[in-house]
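Any value given below was found using the heavy atoms of this structure, including those in side chains, with hydrogens, waters and symmetry copies removed. None of these values were measured; they are calculated from a predicted model.
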Amino acid sequence: ESEIVSLAKSLFSEALPAIALWSMLLGRSVPLSIMEDNQATIRIAQDGYSAKLCHITRTHKVNLSSIKEVLESEDVSIEYVDTSLQAADIFTKPLPPNKWEAALDLLGIERA
């Protein structure tokens, strides 16, 4: 549920407006690649429906079919990425000390 809600929030509040702006400025279409580390989230987003998540329209104001509609656009794709390659995990999950260095590398942050 939280993965779908955050996908919808970032897609409609951030990604699509930014893509529209860049397309206008550059005078061409700009592709959007969504990198997701949860295969169930990808499936639900592509299907546009989940019986177990039918309540999120009421509780979170997220319309699954609108996500599906965006993903059907030729310039938008959603791809699976292994969680060990997911740069955003450093912001959303408690990482054990042995994974901290790899997470910083994904973000391009060097330690002194």
Side-chain angles (χ1 to χ4, degrees):
E1 178 177 342
S2 64
E3 295 263 349
I4 283 289
V5 171
S6 64
L7 170 63
K9 172 75 172 156
S10 61
L11 184 63
F12 294 111
S13 297
E14 304 293 332
L16 293 179
I19 293 296
L21 175 65
W22 282 110
S23 295
M24 184 182 70
L25 292 173
L26 298 174
R28 62 175 176 85
S29 64
V30 176
L32 172 62
S33 295
I34 302 166
M35 309 305 282
E36 176 60 57
D37 66 350
N38 186 309
Q39 292 180 355
T41 299
I42 293 171
R43 185 70 183 175
I44 292 167
Q46 290 173 331
D47 290 347
Y49 176 78
S50 171
K52 291 184 178 185
L53 296 180
C54 63
H55 66 278
I56 67 170
T57 302
R58 281 184 282 106
T59 57
H60 297 287
K61 307 291 188 239
V62 170
N63 185 334
L64 293 175
S65 60
S66 64
I67 297 172
K68 176 186 178 184
E69 185 177 321
V70 170
L71 294 178
E72 289 174 342
S73 168
E74 68 180 49
D75 290 334
V76 179
S77 66
I78 188 166
E79 303 168 29
Y80 175 77
V81 63
D82 188 78
T83 193
S84 64
L85 301 174
Q86 188 67 284
D89 278 357
I90 197 170
F91 302 114
T92 60
K93 299 176 183 172
L95 295 178
N98 63 331
K99 294 189 177 185
W100 191 252
E101 191 69 36
L104 291 175
D105 288 342
L106 288 172
L107 293 171
I109 298 174
E110 294 184 25
R111 294 178 70 180

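- For the atom pair CG (Leu26) and CD1 (Ile19), the distance works out to 10.0 Å, reported to the nearest 0.5 Å.
- With a 4.5 Å cut-off on side-chain heavy atoms, Lys68 and Asp47 do not count as touching.
- For the atom pair CG (Leu7) and CZ (Phe12), the distance works out to 8.0 Å, reported to the nearest 0.5 Å.
- Checking side-chain atoms of Asn63 against main-chain N and O of Ser65 turns up a donor-acceptor pair under 3.5 Å.
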inquiry  = Determine whether Leu71 and Ile34 satisfy the following criterion, side-chain contact (heavy atoms from CB on, under 4.5 Å), listing intermediate values before the conclusion.
reply    = CA-CA 9 Å; Leu71 294 178; Ile34 302 166; 3.8 Å; yes
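- Using a 4.5 Å cut-off between side-chain heavy atoms of Ile, Leu, Val, Met, Phe, Trp and Tyr, with links allowed through other members, Ile90 and Val81 fall into different hydrophobic clusters.
- For Glu110, the CD atom is loosely surrounded, since the number of other residues' heavy atoms within 6.0 Å does not exceed 12.
- With a 4.5 Å cut-off on side-chain heavy atoms, His60 and Glu1 count as touching.
- Ser29 and Ser23 make their closest contact through CA-OG, 4.0 Å (heavy atoms, listed as atom of the first residue, atom of the second, distance).
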ask   = Under the side-chain contact (heavy atoms from CB on, under 4.5 Å) criterion, do Val62 and Ile4 qualify, and how do the steps go?
value = CA-CA 8 Å; Val62 170; Ile4 283 289; 4.2 Å; yes
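- Rounded to the nearest 0.5 angstrom, His55 NE2 and Ser50 OG are separated by 9.0 Å.
- A distance of 6.5 Å separates CG in Leu11 from CD1 in Ile67, rounded to the nearest 0.5 Å.
- Here the side chain of Gln86 pairs a donor or acceptor atom with the backbone of Met35 at under 3.5 angstrom.
- Of the inter-residue distances, the one linking Ile42 atom CD1 with Glu79 atom CD reads 9.0 Å to the nearest 0.5 angstrom.
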query = Hey, mind stepping through Ser73 and Asp75 against side chain to side chain donor-acceptor pair (under 3.5 Å) and telling me if it holds?
reply = CA-CA 6 Å; Ser73 168; Asp75 290 334; 5.2 Å; no
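- Separating the CD1 atom in Ile78 from the CZ atom in Arg43 is a distance of 12.0 Å, to the nearest 0.5 Å.
- The environment of CD in Glu74 is sparse: at most 12 heavy-atom neighbours from other residues, nucleotides or ligands sit within 6.0 Å.
- Side-chain contact between Val30 and Leu32 is absent, with no heavy-atom pair separated by less than 4.5 Å.
- For Gln46, the CD atom counts as densely surrounded, since its 6.0 Å shell holds more than 12 non-hydrogen atoms of other residues, nucleotides or ligands.
- Sorted pairs that involve residues 14-32 and meet salt bridge (Lys or Arg N to Asp or Glu O under 4.0 Å), not counting sequence neighbours, are lacking altogether.
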Could you go through residues 97-107 and list every donor-acceptor pair under 3.5 Å that involves a side-chain atom there, pairing it with any protein atom two or more places apart or in another chain?
from   : atom 1 : to     : atom 2 : distance (Å)
Glu101 : OE1    : Arg111 : NH1    : 3.2

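- Under a 3.5 Å cut-off, the side chain of Ser6 and the backbone N or O of Glu3 do form a donor-acceptor pair.
- For Asp89, the side chain to side chain donor-acceptor pair (under 3.5 Å) criterion is met by Thr83, Lys93, not counting sequence neighbours.
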